[in-house]
> 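Got a structure for you, written out below as structure tokens; questions coming shortly.
The basis for the numbers below is simple: all heavy atoms, side chains too, and nothing from hydrogens, waters or symmetry mates. Chain letters run A, B, ... following the sequence lines, proteins first, then strands; residues in each count from 1.
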2 protein chains.
Amino acid sequence: MEAAEHDKRKCPSHLSTTECTKQLLPVKDALDILSGKWKLQIILSLTFGKKRFKQIQREIPGLTPKMLSKELKELEINELASRHVYDTSPVTVEYELTAYGKTLKPLIEELHKWGTKHRKKIIARAVRD
Amino acid sequence: MEAAEHDKRKCPSHLSTTECTKQLLPVKDALDILSGKWKLQIILSLTFGKKRFKQIQREIPGLTPKMLSKELKELEINELASRHVYDTSPVTVEYELTAYGKTLKPLIEELHKWGTKHRKKIIARAVRD
DNA sequence: GATATCGGTATACTTTAGGAAACCACTATA
DNA sequence: TATAGTGGTTTCCTAAAGTATACCGATATC
């Protein structure tokens, strides 16, 4: 009975349908880290070194403090960036990519590679038609 | 003057700030293809072979025909999936990943790899605390 | 003749993401 | 004493994403 319920058209023979969707969870996690309007730009900005709050905001036109604050908190929660407060006046806060945060690099490069090919393909079609 | 305007803390020395953000466009393109609530599951479903509309819908619980229709159209527009209509009764429509659509696989695997590590890290921390 | 299946579409609704503007305590500068 | 900069928060609002439900014409089955 159990074996008969498995439909080979849906999933590879060694995986049940629910196991398949479980495989998607980590992919969605990774995607969540990178998607959204500002995350990539903020991460990119931090790949070039430590940055202060206003400094990031100035670099990224249109980015409001609310959004920046929210995104930086998420980066911290995910241990991708660290926050350092210095007791100066006015207070200095620096954000920095962690070593772990830097492990995103190959992933972003892979996205860049595929995206570049895709741009070419879509633009080529637009010219053709 | 022009050279002096370039801030090395922001971007690598060979790129201007605007050139940097241009580099992000293809990354965003790739991300757009994969993000959204259903895209990944639909693509995954099609990696196991041709599928009919209702068949996909039955495989993915919660997916409404409106969303499925919309996502399939986007996949078609991006040439990731193809649509074949057969003049049977009732009409048969099959969707299939194109060869190009299959080039997403290494990208999704990369996301899976990073996401799996990330899950472990975050779960380990949750257990620790 | 009623019901079900096929591949969708149409309309109305809720939920989430993001934007605009004002504001906070603190301090340095003019 | 006024102004500007620091790192944010709060409130209100709009736009986009997604959900629920009903419906369509065609045909096959009961």
> Going by the side chain to side chain contact (heavy atoms under 4.5 Å, CB included) test, name the single residue among B:I43, B:T47, B:L44 that passes it with B:I108.
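With B:I108 as partner, side chain to side chain contact (heavy atoms under 4.5 Å, CB included) holds for just one option, B:I43.
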
> Could you identify which residues of residues 67-80 of chain A place a heavy atom less than 4.0 Å from some atom of DNA chain D, listed by residue number, or say none?
A:S69, A:K73

> Report yes if the side chains of A:I77 and B:R125 come closer than 4.5 Å at any heavy-atom pair, otherwise no.
yes

> Measure CG/B:D87 against P/C:dC6 and give the value in whole Å, please.
17 Å

> B:W38 CH2 to D:dG18 C1': how many Å, rounded?
9 Å

> What I'd like to find out is whether the side chain of B:R58 reaches to under 4.5 Å of the side chain of B:K54, using heavy atoms alone.
yes

> Could you tell me the separation between the OH atom of B:Y95 and the C1' atom of C:dC6, rounded to a whole number of Å?
12 Å

> Check the distance between C:dG7's C1' and B:H84's NE2 and give it to me in whole angstrom.
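For the pair B:H84 NE2 and C:dG7 C1', the rounded distance is 16 Å.
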
> Between C:dT9 atom P and B:Q57 atom CD, what is the distance in whole Å?
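Between P of C:dT9 and CD of B:Q57: 12 Å.
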
> Contact class for B:G36 (heavy atom, under 4.0 Å): base, sugar-phosphate, or nothing?
sugar-phosphate

> The side chain of B:V91 lies closest to which of these nucleotides: C:dG7, D:dG7, C:dG19?
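Selected nucleotide (nearest to the side chain): C:dG7.
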
> Heavy atoms only, 4.0 Å cut-off, all strands: where does A:K37 land among base, sugar-phosphate and nothing?
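It contacts sugar-phosphate atoms only.
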
> Once rounded to the nearest 0.5 Å, what's the spacing between atom CG of A:L46 and atom CG of A:L104?
11.5 Å

> Polar atoms only, N or O, under 3.5 Å: list the protein pairs with nucleotides 27-30 of chain C and their distances.
residue	atom	partner	partner atom	Å
C:dT27	O3'	A:S89	OG	3.3
C:dA28	OP1	A:S89	OG	2.5

> If you pin A:G62 and A:P65 to their nearest nucleotides in DNA chain C, which one's is more 5'?
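This one resolves to A:G62.
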
> How many angstroms lie between atom OG of B:S82 and atom NZ of B:K50, to the nearest 0.5 angstrom?
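So the gap between those two atoms works out to 9.0 Å.
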
> For the side chain of A:R58, starting at C-beta, report the closest nucleotide among D:dG7, D:dT6, C:dC6.
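Out of D:dG7, D:dT6, C:dC6, the nucleotide with an atom closest to A:R58's side chain is D:dT6.
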
> Looking only at side-chain N and O atoms, does A:R52 come under 4.0 Å of OP1 or OP2 in D:dG7?
yes

> Per the atom types in the model, does the base of D:dT19 pair as donor or acceptor with the side chain of B:K66 at under 3.5 Å?
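Answer is yes: a donor-acceptor pair is held.
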
> Figure out the NZ/P separation between B:K54 and C:dA4, and round it to whole Å.
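It is 13 Å, rounded to the nearest whole Å.
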
> Less than 3.5 Å apart, which donor and acceptor atoms pair up between the side chains of residues 89-98 of chain B and the rest of the protein, not counting sequence neighbours?
residue	atom	partner	partner atom	Å
B:T92	OG1	B:T88	OG1	2.6
B:Y95	OH	B:R83	NE	3.0
B:E96	OE1	B:H84	NE2	3.3
B:T98	OG1	B:E79	O	2.7
B:T98	OG1	B:L80	O	3.1
B:T98	OG1	B:Y100	N	3.4
B:T98	OG1	B:G101	N	2.8

> Is A:K39 close to A:I33 at the side-chain level, that is, under 4.5 Å between some pair of heavy atoms?
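No; the side chains remain at least 4.5 Å from each other.
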
> When we call it a touch if two heavy atoms are under 4.0 Å apart, what does A:Y86 touch: a base, just sugar-phosphate, or nothing?
nothing

> Hey, what do you get for CD1 (A:I42) to CE (A:M67), rounding to the nearest 0.5 Å?
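Output value for this atom pair is 9.5 Å.
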
> May I have the distance from B:Q55 (atom CD) to C:dG8 (atom P), rounded to whole angstrom?
13 Å

> Nearest to the B:R83 side chain among D:dA20, C:dG8, D:dT6, which nucleotide is it?
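From the listed options, C:dG8 comes nearest.
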
> Hey, are the side chains of A:D29 and B:W114 touching, using non-hydrogen atoms and a 4.5 Å cut-off?
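No, every pair of side-chain atoms sits at 4.5 Å or beyond.
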
> Between A:L107 and A:L34, is there a side-chain heavy-atom distance shorter than 4.5 Å?
yes

